[in-house]
Amino acid sequence: MVNEVAKLTLPGKETLELPIIKGTLGPDVIDIGMLSKAEMFTFDPGFRSTASCESKITFIDGNKGLLLHRGYPIEQLAEHSDFLEVCYLLLFGELPNTVQKVEFEKKVKNHTLIHEQLIRFYSGFRRDAHPMAIMCGVVGALSAFYHDSLDIHNEEHREMASFRLIAKMPTLAAMSYKYSVGQPFVSPLNRMSYAENFLHMMFSVPSEEMIPNPILVKAMDRIFILHADHEQNASTSTVRLAGSSGANPFACIAAGIAALWGPAHGGANEAVLAMLQEIGDVSNIPKFIEKAKDKNDPFRLMGFGHRVYKNFDPRATVMRKSCYEVLDELGLHDDPLFAIALKLEEIALKDPYFIEKKLYPNVDFYSGIILRAIGIPTNMFTVIFAMARTVGWIAHWNEMISSPDLSINRPRQLYTGSTMRDFTPMDKRK
Ligand code: CMC
(Lines give C-alpha, C1' and ligand atoms only; values in the text may rest on other atoms or scores of the structure.)
Protein backbone atom coordinates (compact mmCIF):
# COMPACT_ATOMS: atom_id res chain seq x y z
CA MET A 1 0.00 0.00 0.00
CA VAL A 2 1.49 3.34 -1.03
CA ASN A 3 0.32 6.57 0.56
CA GLU A 4 3.41 8.62 1.22
CA VAL A 5 6.57 9.50 -0.64
CA ALA A 6 10.16 10.09 0.40
CA LYS A 7 11.88 12.98 -1.37
CA LEU A 8 15.44 12.40 -2.48
CA THR A 9 17.51 15.34 -3.68
CA LEU A 10 20.46 14.26 -5.77
CA PRO A 11 23.27 16.72 -6.57
CA GLY A 12 22.67 18.33 -9.97
CA LYS A 13 19.44 16.38 -10.60
CA GLU A 14 15.79 16.99 -9.98
CA THR A 15 14.30 15.80 -6.69
CA LEU A 16 12.87 12.29 -6.90
CA GLU A 17 9.67 11.28 -5.17
CA LEU A 18 10.10 7.70 -4.01
CA PRO A 19 6.97 5.80 -2.96
CA ILE A 20 6.86 4.55 0.64
CA ILE A 21 5.25 1.12 0.78
CA LYS A 22 3.61 -0.14 3.95
CA GLY A 23 3.52 -3.81 4.92
CA THR A 24 1.06 -5.35 7.37
CA LEU A 25 3.76 -5.40 10.09
CA GLY A 26 7.29 -4.06 10.40
CA PRO A 27 9.14 -1.11 8.92
CA ASP A 28 7.86 0.63 5.78
CA VAL A 29 10.09 0.39 2.73
CA ILE A 30 11.15 3.06 0.25
CA ASP A 31 10.72 1.86 -3.33
CA ILE A 32 13.96 2.96 -4.98
CA GLY A 33 13.26 1.22 -8.30
CA MET A 34 13.30 4.53 -10.23
CA LEU A 35 16.81 5.41 -8.97
CA SER A 36 18.57 3.48 -11.72
CA LYS A 37 16.91 5.76 -14.30
CA ALA A 38 18.67 8.65 -12.56
CA GLU A 39 21.90 6.63 -12.93
CA MET A 40 22.28 6.10 -9.20
CA PHE A 41 22.31 2.94 -7.12
CA THR A 42 21.93 2.45 -3.40
CA PHE A 43 24.87 0.97 -1.50
CA ASP A 44 24.11 -1.47 1.31
CA PRO A 45 26.72 -4.23 1.61
CA GLY A 46 25.42 -7.02 3.83
CA PHE A 47 21.85 -5.86 3.05
CA ARG A 48 21.39 -4.41 6.52
CA SER A 49 18.81 -1.90 5.26
CA THR A 50 17.52 -3.62 2.17
CA ALA A 51 14.22 -5.46 1.71
CA SER A 52 15.00 -7.78 -1.18
CA CYS A 53 11.44 -8.90 -1.86
CA GLU A 54 7.82 -8.80 -0.75
CA SER A 55 6.76 -11.87 1.24
CA LYS A 56 3.76 -13.19 3.19
CA ILE A 57 5.47 -16.15 4.86
CA THR A 58 7.45 -15.13 7.94
CA PHE A 59 7.71 -11.97 10.03
CA ILE A 60 10.51 -11.18 12.48
CA ASP A 61 10.71 -8.22 14.86
CA GLY A 62 14.27 -8.45 16.14
CA ASN A 63 13.81 -5.77 18.80
CA LYS A 64 10.75 -7.42 20.29
CA GLY A 65 12.10 -10.98 19.87
CA LEU A 66 9.10 -11.91 17.71
CA LEU A 67 8.94 -14.63 15.05
CA LEU A 68 5.66 -15.33 13.24
CA HIS A 69 4.98 -17.91 10.55
CA ARG A 70 1.91 -16.87 8.53
CA GLY A 71 0.98 -14.80 11.60
CA TYR A 72 1.36 -17.57 14.21
CA PRO A 73 3.99 -17.05 16.96
CA ILE A 74 6.78 -19.62 16.88
CA GLU A 75 6.28 -20.41 20.59
CA GLN A 76 2.67 -21.51 19.91
CA LEU A 77 3.67 -23.59 16.91
CA ALA A 78 6.46 -25.28 18.89
CA GLU A 79 4.05 -26.01 21.73
CA HIS A 80 0.94 -27.16 19.88
CA SER A 81 1.95 -28.19 16.39
CA ASP A 82 4.26 -30.71 14.75
CA PHE A 83 6.78 -30.30 11.96
CA LEU A 84 4.67 -31.54 9.04
CA GLU A 85 1.80 -29.30 10.13
CA VAL A 86 4.21 -26.34 10.15
CA CYS A 87 5.36 -27.41 6.67
CA TYR A 88 1.74 -27.26 5.48
CA LEU A 89 1.32 -23.83 7.06
CA LEU A 90 4.47 -22.45 5.45
CA LEU A 91 3.65 -23.88 2.03
CA PHE A 92 -0.08 -23.16 1.84
CA GLY A 93 -0.58 -20.22 4.21
CA GLU A 94 -3.11 -21.78 6.64
CA LEU A 95 -3.07 -24.52 9.26
CA PRO A 96 -4.56 -27.72 7.83
CA ASN A 97 -7.86 -29.17 9.04
CA THR A 98 -7.86 -32.88 10.01
CA VAL A 99 -8.54 -34.13 6.48
CA GLN A 100 -5.96 -31.83 4.91
CA LYS A 101 -3.38 -32.86 7.49
CA VAL A 102 -3.86 -36.59 6.91
CA GLU A 103 -3.82 -36.13 3.14
CA PHE A 104 -0.68 -33.94 3.24
CA GLU A 105 1.22 -36.39 5.44
CA LYS A 106 0.24 -39.24 3.14
CA LYS A 107 1.40 -37.33 0.06
CA VAL A 108 4.74 -36.39 1.61
CA LYS A 109 5.41 -39.86 3.03
CA ASN A 110 4.78 -41.34 -0.40
CA HIS A 111 8.17 -39.92 -1.42
CA THR A 112 10.50 -40.93 1.40
CA LEU A 113 12.37 -43.60 -0.59
CA ILE A 114 15.45 -42.83 -2.65
CA HIS A 115 15.99 -43.98 -6.22
CA GLU A 116 18.26 -47.05 -6.22
CA GLN A 117 20.67 -45.43 -8.65
CA LEU A 118 21.00 -42.34 -6.49
CA ILE A 119 21.91 -44.61 -3.59
CA ARG A 120 24.98 -45.64 -5.61
CA PHE A 121 26.19 -42.02 -5.64
CA TYR A 122 27.17 -42.39 -2.00
CA SER A 123 29.92 -44.90 -2.72
CA GLY A 124 31.61 -42.22 -4.84
CA PHE A 125 32.27 -40.12 -1.73
CA ARG A 126 35.14 -40.66 0.68
CA ARG A 127 33.95 -42.14 3.98
CA ASP A 128 35.34 -39.10 5.82
CA ALA A 129 33.50 -36.60 3.58
CA HIS A 130 31.61 -33.92 5.50
CA PRO A 131 27.90 -34.84 5.30
CA MET A 132 27.11 -31.29 4.13
CA ALA A 133 29.43 -31.91 1.15
CA ILE A 134 27.46 -35.08 0.39
CA MET A 135 24.14 -33.23 0.78
CA CYS A 136 25.19 -30.46 -1.65
CA GLY A 137 25.89 -33.20 -4.20
CA VAL A 138 22.99 -35.60 -3.73
CA VAL A 139 20.26 -32.97 -3.39
CA GLY A 140 21.44 -31.24 -6.58
CA ALA A 141 21.52 -34.68 -8.22
CA LEU A 142 17.79 -35.19 -7.54
CA SER A 143 17.21 -33.01 -10.61
CA ALA A 144 18.72 -35.80 -12.70
CA PHE A 145 16.03 -38.22 -11.48
CA TYR A 146 12.73 -36.36 -11.42
CA HIS A 147 12.15 -34.90 -14.87
CA ASP A 148 8.43 -34.91 -14.18
CA SER A 149 8.77 -32.15 -11.57
CA LEU A 150 11.22 -29.74 -13.17
CA ASP A 151 8.85 -27.37 -15.01
CA ILE A 152 8.91 -24.42 -12.65
CA HIS A 153 5.95 -22.74 -14.37
CA ASN A 154 3.71 -25.76 -13.75
CA GLU A 155 2.04 -25.59 -10.32
CA GLU A 156 1.67 -29.38 -10.09
CA HIS A 157 5.35 -29.88 -10.86
CA ARG A 158 6.28 -27.35 -8.18
CA GLU A 159 4.09 -29.12 -5.63
CA MET A 160 5.51 -32.53 -6.53
CA ALA A 161 9.09 -31.22 -6.22
CA SER A 162 8.21 -29.70 -2.82
CA PHE A 163 6.82 -32.98 -1.49
CA ARG A 164 9.79 -34.91 -2.83
CA LEU A 165 12.31 -32.58 -1.22
CA ILE A 166 10.62 -32.53 2.20
CA ALA A 167 10.21 -36.31 2.16
CA LYS A 168 13.66 -37.25 0.90
CA MET A 169 15.82 -34.89 2.94
CA PRO A 170 15.76 -37.04 6.15
CA THR A 171 16.48 -40.19 4.13
CA LEU A 172 19.41 -38.56 2.31
CA ALA A 173 20.69 -37.02 5.54
CA ALA A 174 20.58 -40.27 7.54
CA MET A 175 22.27 -42.05 4.62
CA SER A 176 25.15 -39.57 4.71
CA TYR A 177 25.66 -40.48 8.38
CA LYS A 178 25.34 -44.22 7.87
CA TYR A 179 27.85 -44.04 5.04
CA SER A 180 30.40 -42.29 7.25
CA VAL A 181 30.18 -44.99 9.95
CA GLY A 182 30.12 -47.88 7.52
CA GLN A 183 26.65 -49.15 8.46
CA PRO A 184 23.96 -50.21 5.97
CA PHE A 185 21.39 -47.61 4.99
CA VAL A 186 18.11 -47.90 6.91
CA SER A 187 14.87 -47.58 4.93
CA PRO A 188 12.30 -45.01 6.05
CA LEU A 189 9.26 -46.22 7.99
CA ASN A 190 6.19 -44.26 6.93
CA ARG A 191 4.15 -45.29 9.96
CA MET A 192 6.45 -43.14 12.09
CA SER A 193 6.31 -39.37 12.51
CA TYR A 194 8.84 -37.26 10.58
CA ALA A 195 11.13 -36.83 13.59
CA GLU A 196 10.75 -40.41 14.82
CA ASN A 197 11.53 -41.79 11.38
CA PHE A 198 14.66 -39.65 11.14
CA LEU A 199 15.99 -40.96 14.47
CA HIS A 200 15.12 -44.50 13.37
CA MET A 201 17.05 -44.08 10.09
CA MET A 202 20.00 -42.62 12.01
CA PHE A 203 20.27 -45.18 14.77
CA SER A 204 18.58 -48.46 13.79
CA VAL A 205 20.75 -51.27 12.46
CA PRO A 206 19.49 -54.41 10.71
CA SER A 207 20.23 -56.47 13.82
CA GLU A 208 18.40 -54.11 16.17
CA GLU A 209 15.54 -51.70 15.50
CA MET A 210 15.89 -48.56 17.57
CA ILE A 211 12.62 -47.43 19.20
CA PRO A 212 13.11 -43.68 19.62
CA ASN A 213 12.55 -42.20 23.10
CA PRO A 214 9.40 -39.96 22.89
CA ILE A 215 11.10 -37.08 24.74
CA LEU A 216 13.95 -37.12 22.25
CA VAL A 217 11.48 -37.37 19.37
CA LYS A 218 9.66 -34.31 20.72
CA ALA A 219 12.95 -32.40 21.03
CA MET A 220 13.93 -33.38 17.48
CA ASP A 221 10.54 -32.27 16.18
CA ARG A 222 10.98 -28.93 17.98
CA ILE A 223 14.39 -28.48 16.38
CA PHE A 224 12.75 -29.03 12.98
CA ILE A 225 9.92 -26.57 13.75
CA LEU A 226 12.28 -23.89 15.09
CA HIS A 227 14.53 -24.09 12.03
CA ALA A 228 11.77 -24.36 9.42
CA ASP A 229 11.95 -20.77 8.20
CA HIS A 230 13.50 -17.45 9.05
CA GLU A 231 12.54 -14.95 6.33
CA GLN A 232 15.26 -13.59 4.03
CA ASN A 233 18.38 -15.08 5.67
CA ALA A 234 21.52 -15.86 3.63
CA SER A 235 20.49 -19.34 2.47
CA THR A 236 16.88 -18.39 1.67
CA SER A 237 18.10 -15.37 -0.27
CA THR A 238 20.49 -17.71 -2.11
CA VAL A 239 17.60 -20.02 -3.02
CA ARG A 240 15.58 -17.05 -4.26
CA LEU A 241 18.52 -15.67 -6.25
CA ALA A 242 19.24 -19.05 -7.86
CA GLY A 243 15.52 -19.60 -8.51
CA SER A 244 15.08 -16.18 -10.08
CA SER A 245 17.08 -17.36 -13.10
CA GLY A 246 14.59 -20.20 -13.65
CA ALA A 247 16.86 -22.92 -12.19
CA ASN A 248 15.04 -26.11 -11.10
CA PRO A 249 13.98 -26.56 -7.45
CA PHE A 250 16.47 -29.32 -6.63
CA ALA A 251 19.38 -27.20 -7.91
CA CYS A 252 18.08 -24.18 -5.97
CA ILE A 253 17.83 -26.13 -2.70
CA ALA A 254 21.37 -27.48 -3.25
CA ALA A 255 22.49 -23.82 -3.53
CA GLY A 256 20.68 -23.08 -0.25
CA ILE A 257 22.46 -25.98 1.44
CA ALA A 258 25.82 -24.59 0.30
CA ALA A 259 25.00 -21.13 1.71
CA LEU A 260 23.78 -22.62 4.98
CA TRP A 261 27.03 -24.49 5.56
CA GLY A 262 29.05 -21.45 6.74
CA PRO A 263 29.76 -20.98 10.47
CA ALA A 264 28.08 -17.55 10.54
CA HIS A 265 24.79 -19.22 9.47
CA GLY A 266 23.84 -22.90 9.74
CA GLY A 267 27.31 -24.06 10.66
CA ALA A 268 27.02 -22.26 14.01
CA ASN A 269 25.60 -25.22 15.98
CA GLU A 270 28.56 -27.34 14.88
CA ALA A 271 30.88 -24.46 15.74
CA VAL A 272 29.31 -24.25 19.22
CA LEU A 273 30.37 -27.80 20.00
CA ALA A 274 33.86 -27.24 18.58
CA MET A 275 34.13 -24.14 20.80
CA LEU A 276 32.97 -26.02 23.92
CA GLN A 277 35.57 -28.69 23.23
CA GLU A 278 38.23 -26.00 22.76
CA ILE A 279 37.27 -24.38 26.08
CA GLY A 280 37.78 -27.82 27.60
CA ASP A 281 37.06 -26.96 31.23
CA VAL A 282 34.79 -24.62 33.19
CA SER A 283 37.86 -22.90 34.65
CA ASN A 284 38.88 -21.72 31.13
CA ILE A 285 35.60 -19.89 30.44
CA PRO A 286 36.76 -16.43 31.66
CA LYS A 287 39.78 -16.63 29.32
CA PHE A 288 37.52 -17.35 26.33
CA ILE A 289 35.07 -14.61 27.31
CA GLU A 290 38.03 -12.17 27.27
CA LYS A 291 39.10 -13.47 23.86
CA ALA A 292 35.56 -12.89 22.52
CA LYS A 293 35.67 -9.29 23.77
CA ASP A 294 39.13 -8.55 22.35
CA LYS A 295 38.81 -6.53 19.14
CA ASN A 296 42.17 -7.84 17.91
CA ASP A 297 41.16 -11.46 18.34
CA PRO A 298 38.88 -12.95 15.64
CA PHE A 299 37.38 -15.39 18.19
CA ARG A 300 33.63 -14.99 18.78
CA LEU A 301 31.42 -16.86 21.16
CA MET A 302 29.66 -19.24 18.81
CA GLY A 303 25.92 -19.51 19.41
CA PHE A 304 25.73 -15.91 20.67
CA GLY A 305 24.37 -12.91 18.78
CA HIS A 306 22.14 -12.58 15.76
CA ARG A 307 21.91 -10.24 12.80
CA VAL A 308 18.21 -9.62 13.36
CA TYR A 309 17.45 -10.41 17.02
CA LYS A 310 18.83 -7.60 19.12
CA ASN A 311 16.77 -8.53 22.15
CA PHE A 312 16.49 -12.30 22.42
CA ASP A 313 15.95 -15.07 19.92
CA PRO A 314 12.44 -16.46 20.62
CA ARG A 315 13.54 -19.80 19.18
CA ALA A 316 16.32 -19.92 21.78
CA THR A 317 13.80 -19.58 24.63
CA VAL A 318 11.87 -22.64 23.38
CA MET A 319 15.05 -24.55 22.59
CA ARG A 320 16.49 -23.83 26.04
CA LYS A 321 13.43 -25.47 27.64
CA SER A 322 13.80 -28.51 25.39
CA CYS A 323 17.51 -28.61 26.14
CA TYR A 324 16.90 -28.90 29.88
CA GLU A 325 14.17 -31.56 29.29
CA VAL A 326 16.58 -33.66 27.24
CA LEU A 327 19.48 -33.30 29.70
CA ASP A 328 17.10 -34.28 32.55
CA GLU A 329 15.75 -37.27 30.64
CA LEU A 330 19.23 -38.54 29.84
CA GLY A 331 20.75 -37.57 33.20
CA LEU A 332 23.46 -35.57 31.47
CA HIS A 333 23.70 -32.41 33.59
CA ASP A 334 27.10 -33.50 34.89
CA ASP A 335 28.59 -34.30 31.50
CA PRO A 336 31.73 -32.08 31.33
CA LEU A 337 30.85 -30.51 27.95
CA PHE A 338 27.28 -29.70 28.98
CA ALA A 339 28.55 -28.29 32.26
CA ILE A 340 30.79 -25.91 30.26
CA ALA A 341 27.84 -24.90 28.06
CA LEU A 342 25.55 -24.16 31.01
CA LYS A 343 28.24 -22.20 32.85
CA LEU A 344 29.15 -20.25 29.71
CA GLU A 345 25.49 -19.31 29.26
CA GLU A 346 25.34 -18.11 32.88
CA ILE A 347 28.57 -16.06 32.73
CA ALA A 348 27.95 -14.47 29.32
CA LEU A 349 24.42 -13.43 30.24
CA LYS A 350 25.82 -11.40 33.18
CA ASP A 351 28.79 -9.90 31.33
CA PRO A 352 28.43 -6.15 30.52
CA TYR A 353 29.98 -6.59 27.03
CA PHE A 354 27.32 -9.12 26.02
CA ILE A 355 24.55 -7.18 27.75
CA GLU A 356 25.50 -3.85 26.08
CA LYS A 357 25.82 -5.39 22.63
CA LYS A 358 22.62 -7.39 23.17
CA LEU A 359 24.35 -10.68 22.47
CA TYR A 360 22.13 -13.47 23.72
CA PRO A 361 22.45 -17.20 23.16
CA ASN A 362 20.76 -17.96 19.85
CA VAL A 363 18.84 -21.08 18.78
CA ASP A 364 22.01 -22.83 17.68
CA PHE A 365 23.61 -22.63 21.09
CA TYR A 366 20.92 -24.90 22.53
CA SER A 367 20.20 -27.02 19.45
CA GLY A 368 23.88 -28.07 19.37
CA ILE A 369 23.69 -29.21 22.99
CA ILE A 370 20.45 -31.16 22.40
CA LEU A 371 21.73 -32.83 19.26
CA ARG A 372 24.89 -33.98 20.99
CA ALA A 373 22.85 -35.31 23.91
CA ILE A 374 20.68 -37.30 21.47
CA GLY A 375 23.86 -38.84 20.08
CA ILE A 376 23.95 -37.01 16.75
CA PRO A 377 27.55 -36.51 15.62
CA THR A 378 28.64 -32.89 15.41
CA ASN A 379 29.16 -32.86 11.65
CA MET A 380 25.47 -33.78 11.18
CA PHE A 381 24.18 -30.68 12.99
CA THR A 382 24.10 -28.42 9.96
CA VAL A 383 22.57 -31.22 7.89
CA ILE A 384 19.68 -31.32 10.35
CA PHE A 385 19.29 -27.56 10.01
CA ALA A 386 19.21 -28.01 6.23
CA MET A 387 16.54 -30.72 6.49
CA ALA A 388 14.32 -28.46 8.55
CA ARG A 389 14.97 -25.32 6.48
CA THR A 390 14.15 -27.10 3.21
CA VAL A 391 10.45 -26.32 3.64
CA GLY A 392 11.19 -22.63 4.23
CA TRP A 393 13.40 -22.49 1.16
CA ILE A 394 10.69 -24.15 -0.93
CA ALA A 395 7.95 -21.88 0.40
CA HIS A 396 10.01 -18.80 -0.54
CA TRP A 397 11.02 -20.23 -3.90
CA ASN A 398 7.39 -21.05 -4.68
CA GLU A 399 6.20 -17.61 -3.57
CA MET A 400 8.76 -15.99 -5.85
CA ILE A 401 8.02 -18.19 -8.88
CA SER A 402 4.25 -17.62 -8.49
CA SER A 403 4.69 -13.87 -8.33
CA PRO A 404 3.48 -12.02 -11.46
CA ASP A 405 6.54 -9.77 -11.45
CA LEU A 406 9.18 -12.51 -11.31
CA SER A 407 12.43 -11.32 -12.85
CA ILE A 408 16.04 -12.41 -12.53
CA ASN A 409 17.67 -10.95 -9.40
CA ARG A 410 20.66 -8.94 -10.49
CA PRO A 411 22.24 -6.58 -7.94
CA ARG A 412 24.58 -3.79 -9.05
CA GLN A 413 27.82 -2.61 -7.44
CA LEU A 414 29.98 0.32 -6.47
CA TYR A 415 33.02 -0.16 -8.70
CA THR A 416 36.35 0.89 -7.17
CA GLY A 417 38.77 -0.91 -9.51
CA SER A 418 41.06 0.51 -12.22
CA THR A 419 39.69 2.99 -14.70
CA MET A 420 39.93 2.09 -18.40
CA ARG A 421 43.50 1.55 -19.60
CA ASP A 422 45.28 0.06 -22.62
CA PHE A 423 46.58 -3.50 -22.69
CA THR A 424 50.24 -3.65 -21.56
CA PRO A 425 52.52 -5.85 -23.70
CA MET A 426 54.55 -8.43 -21.73
CA ASP A 427 57.92 -6.63 -22.20
CA LYS A 428 56.47 -3.41 -20.71
CA ARG A 429 55.00 -5.02 -17.56
CA LYS A 430 56.71 -4.55 -14.22
N1 CMC B 1 30.94 -12.97 20.25
C2 CMC B 1 31.57 -11.83 20.56
N3 CMC B 1 31.26 -10.62 20.01
C4 CMC B 1 30.26 -10.60 19.12
C5 CMC B 1 29.55 -11.77 18.76
C6 CMC B 1 29.92 -12.99 19.37
N7 CMC B 1 29.27 -14.12 19.05
N8 CMC B 1 28.59 -11.47 17.84
C9 CMC B 1 28.71 -10.15 17.64
N10 CMC B 1 29.70 -9.61 18.40
C11 CMC B 1 30.09 -8.20 18.49
C12 CMC B 1 30.84 -7.77 17.25
O13 CMC B 1 32.23 -7.94 17.40
C14 CMC B 1 30.43 -6.31 17.14
O15 CMC B 1 31.22 -5.58 18.04
P16 CMC B 1 31.58 -4.03 17.71
O17 CMC B 1 30.27 -3.30 17.74
O18 CMC B 1 32.46 -3.64 18.88
O19 CMC B 1 32.25 -4.02 16.40
C20 CMC B 1 28.99 -6.31 17.64
O21 CMC B 1 28.88 -7.45 18.52
C22 CMC B 1 27.94 -6.43 16.53
O23 CMC B 1 28.24 -7.55 15.76
P24 CMC B 1 28.03 -7.66 14.19
O25 CMC B 1 29.14 -8.49 13.59
O26 CMC B 1 27.79 -6.31 13.59
O27 CMC B 1 26.71 -8.46 14.10
P28 CMC B 1 26.20 -9.15 12.81
O29 CMC B 1 24.76 -8.86 12.75
O30 CMC B 1 26.99 -8.81 11.62
O31 CMC B 1 26.52 -10.69 13.11
C32 CMC B 1 26.32 -12.91 13.75
C33 CMC B 1 25.60 -11.58 13.56
C34 CMC B 1 25.29 -14.00 14.05
C35 CMC B 1 27.05 -13.32 12.44
C36 CMC B 1 27.33 -12.76 14.91
O37 CMC B 1 26.65 -12.41 16.10
C38 CMC B 1 28.16 -14.01 15.12
O39 CMC B 1 29.18 -14.19 14.45
N40 CMC B 1 27.71 -14.92 16.05
C41 CMC B 1 28.37 -16.18 16.24
C42 CMC B 1 27.92 -17.15 15.17
C43 CMC B 1 26.52 -17.65 15.39
O44 CMC B 1 26.17 -18.05 16.49
N45 CMC B 1 25.72 -17.66 14.30
C46 CMC B 1 24.37 -18.24 14.33
C47 CMC B 1 23.29 -17.26 14.13
S48 CMC B 1 21.70 -18.03 14.48
C49 CMC B 1 21.46 -19.11 13.17
C50 CMC B 1 20.91 -18.47 11.94
O51 CMC B 1 19.82 -17.85 12.05
O52 CMC B 1 21.55 -18.61 10.90
Side-chain angles (χ1 to χ4, degrees), residues 44-50 58-63 65-67 69 74 132 222-239 256-276 278-279 285-320 323 341 344-345 347-371 378 381-393 396:
D44 182 23
F47 306 118
R48 284 171 194 267
S49 304
T50 297
T58 290
F59 174 75
I60 301 174
D61 185 330
N63 293 324
L66 189 67
L67 168 59
H69 290 322
I74 191 67
M132 280 298 275
R222 283 231 170 107
I223 289 182
F224 292 152
I225 293 176
L226 296 177
H227 288 87
D229 191 41
H230 214 226
E231 56 117 297
Q232 312 309 324
N233 55 82
S235 56
T236 303
S237 299
T238 302
V239 170
I257 293 173
L260 185 76
W261 195 354
H265 189 10
N269 52 14
E270 182 175 343
V272 168
L273 261 287
M275 176 191 73
L276 295 177
E278 198 190 342
I279 294 176
I285 293 176
K287 194 172 83 199
F288 280 86
I289 297 260
E290 287 317 305
K291 267 166 77 64
K293 295 194 291 198
D294 182 355
K295 277 236 155 280
N296 301 316
D297 191 324
F299 176 80
R300 283 185 166 197
L301 273 196
M302 286 292 131
F304 282 77
H306 199 275
R307 167 60 62 85
V308 180
Y309 296 117
K310 300 301 177 193
N311 184 330
F312 64 93
D313 178 344
R315 303 168 302 169
T317 315
V318 180
M319 205 79 279
R320 183 176 193 274
C323 179
L344 182 65
E345 177 202 33
I347 295 178
L349 283 174
K350 286 188 201 141
D351 190 290
Y353 173 92
F354 289 88
I355 295 172
E356 269 159 37
K357 294 192 186 298
K358 303 189 170 176
L359 299 169
Y360 297 90
N362 56 48
V363 66
D364 286 330
F365 183 72
Y366 300 107
S367 66
I369 301 174
I370 297 178
L371 291 172
T378 317
F381 290 6
T382 316
V383 174
I384 287 169
F385 192 158
M387 275 168 59
R389 185 55 57 85
T390 295
V391 65
W393 291 332
H396 283 272

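Both ligands and their constituent atoms are indexed starting at 1 by order of listing. Positions are given from 1, in the same order as the sequence printed here.
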A.B. asks: Report the nearest protein non-hydrogen atom to atom 48 (S) of ligand 1: residue, atom name, distance rounded to 0.1 Å.
C.D. replies: His306 CD2, 3.4 Å

A.B. asks: Could you list which atoms of ligand 1 come closer than 4.0 Å to a heavy atom of Lys310?
C.D. replies: 29 (O)

A.B. asks: In terms of residue, atom name and distance, what is the protein heavy atom nearest to atom 41 (C) of ligand 1?
C.D. replies: Phe304 O, 3.4 Å

A.B. asks: Are any of the N/O atoms on Asp364, whether in the backbone or the side chain, positioned under 3.5 angstrom from an N/O atom of ligand 1?
C.D. replies: no

A.B. asks: Using a strict cut-off of 4.0 Å, indicate which atoms of ligand 1 neighbour a heavy atom of Ala268.
C.D. replies: 43 (C), 44 (O), 45 (N), 46 (C)

A.B. asks: Is Asn233 near ligand 1, meaning one of its heavy atoms is under 4.0 Å from it?
C.D. replies: no

A.B. asks: Tell me, which protein residue and heavy-atom name are nearest atom 42 (C) of ligand 1, and how many Å apart are they?
C.D. replies: Met302 SD, 3.6 Å

A.B. asks: Numbering the atoms of ligand 1 from 1, which are under 4.0 Å from a heavy atom of Arg48?
C.D. replies: 26 (O), 29 (O), 30 (O)

A.B. asks: Closer than 4.0 Å and a protein heavy atom, does any atom meet both conditions relative to atom 12 (C) of ligand 1?
C.D. replies: yes

A.B. asks: So with a 6.0 Å cut-off around CZ of Phe47, is the heavy-atom count from everything else above 12?
C.D. replies: no

A.B. asks: Measure the distance from atom 2 (C) of ligand 1 to every protein heavy atom, then report the residue, atom name and distance (to 0.1 Å) of the closest one.
C.D. replies: Ala292 O, 3.7 Å

A.B. asks: As an exercise, identify every atom of ligand 1 less than 4.0 angstrom from a heavy atom of Gly303.
C.D. replies: 43 (C), 44 (O)

A.B. asks: Compare Lys358, Glu356, Lys295 and give the one whose heavy atom is closest to atom 16 (P) of ligand 1.
C.D. replies: Lys295

A.B. asks: For the residue pair Cys323 and Ile369, what are the closest heavy atoms and their distance?
C.D. replies: SG-CG2, 3.7 Å

A.B. asks: Side-chain contact test, heavy atoms from C-beta onward, threshold under 4.5 Å: evaluate it for Tyr360 versus Asp313 and give yes or no.
C.D. replies: no

A.B. asks: Quick one, His265 with Asp364, criterion side-chain hydrogen bond (donor to acceptor under 3.5 Å, both in side chains). Give me CA distance, side-chain angles, the key distance, then yes/no.
C.D. replies: CA-CA 9 Å; His265 189 10; Asp364 286 330; over 6 Å; no

A.B. asks: Kindly write out the residues that satisfy side-chain contact (heavy atoms from CB on, under 4.5 Å) with Ser49, not counting sequence neighbours, or none if the list is empty.
C.D. replies: Asp44

A.B. asks: Starting from atom 47 (C) of ligand 1, find the nearest protein heavy-atom neighbour and note its residue, name and distance.
C.D. replies: Asn362 ND2, 3.6 Å

A.B. asks: Any N or O on Leu359 sitting closer than 3.5 Å to an N or O of ligand 1?
C.D. replies: no

A.B. asks: Heavy-atom contact check, 4.0 Å cutoff: does Tyr353 meet ligand 1?
C.D. replies: yes

A.B. asks: So, does Lys293 sit close enough to ligand 1 that a heavy atom of it is under 4.0 Å from the ligand?
C.D. replies: no

A.B. asks: Does a side-chain heavy-atom distance below 4.5 Å link Val391 with Asp229?
C.D. replies: no

A.B. asks: Using 0.5 Å steps for rounding, measure from the CD1 atom of Ile257 to the CZ atom of Phe385.
C.D. replies: 12.0 Å

A.B. asks: Which pairs would a plain distance check flag for residues 300-307, meaning a side-chain donor or acceptor within less than 3.5 Å of a matching protein atom at least two apart in sequence or in another chain?
C.D. replies:
from   : atom 1 : to     : atom 2 : distance (Å)
His306 : ND1    : Val308 : N      : 3.0
His306 : ND1    : Tyr309 : N      : 3.3
Arg307 : NH1    : Gly46  : O      : 3.2

A.B. asks: Which residue and atom name correspond to the protein heavy atom nearest atom 29 (O) of ligand 1, and how close is it?
C.D. replies: Arg307 NE, 2.8 Å

A.B. asks: Is there a side chain to side chain contact (heavy atoms under 4.5 Å, CB included) between Ile225 and Ile74 once you walk through the steps?
C.D. replies: CA-CA 8 Å; Ile225 293 176; Ile74 191 67; 4.1 Å; yes

A.B. asks: State, yes or no, whether a side-chain contact exists between Pro361 and Leu349 at a heavy-atom distance under 4.5 Å.
C.D. replies: yes

A.B. asks: With a 4.0 Å cut-off on heavy atoms, is Leu301 in contact with ligand 1?
C.D. replies: yes

A.B. asks: What are the two closest heavy atoms between Ser367 and Met319, and how far apart are they?
C.D. replies: N-CG, 3.7 Å

A.B. asks: Should one rank Lys357, Arg300, Arg315, Met275 by closest heavy-atom distance to atom 24 (P) of ligand 1, which comes out on top?
C.D. replies: Arg300

A.B. asks: Quick one: look up the protein heavy atom nearest atom 52 (O) of ligand 1 and list residue, atom name and how far away it is.
C.D. replies: His265 ND1, 2.7 Å

A.B. asks: Could you report the tightest heavy-atom contact between Tyr353 and Lys293, atom names first, then the distance?
C.D. replies: CB-CD, 3.2 Å

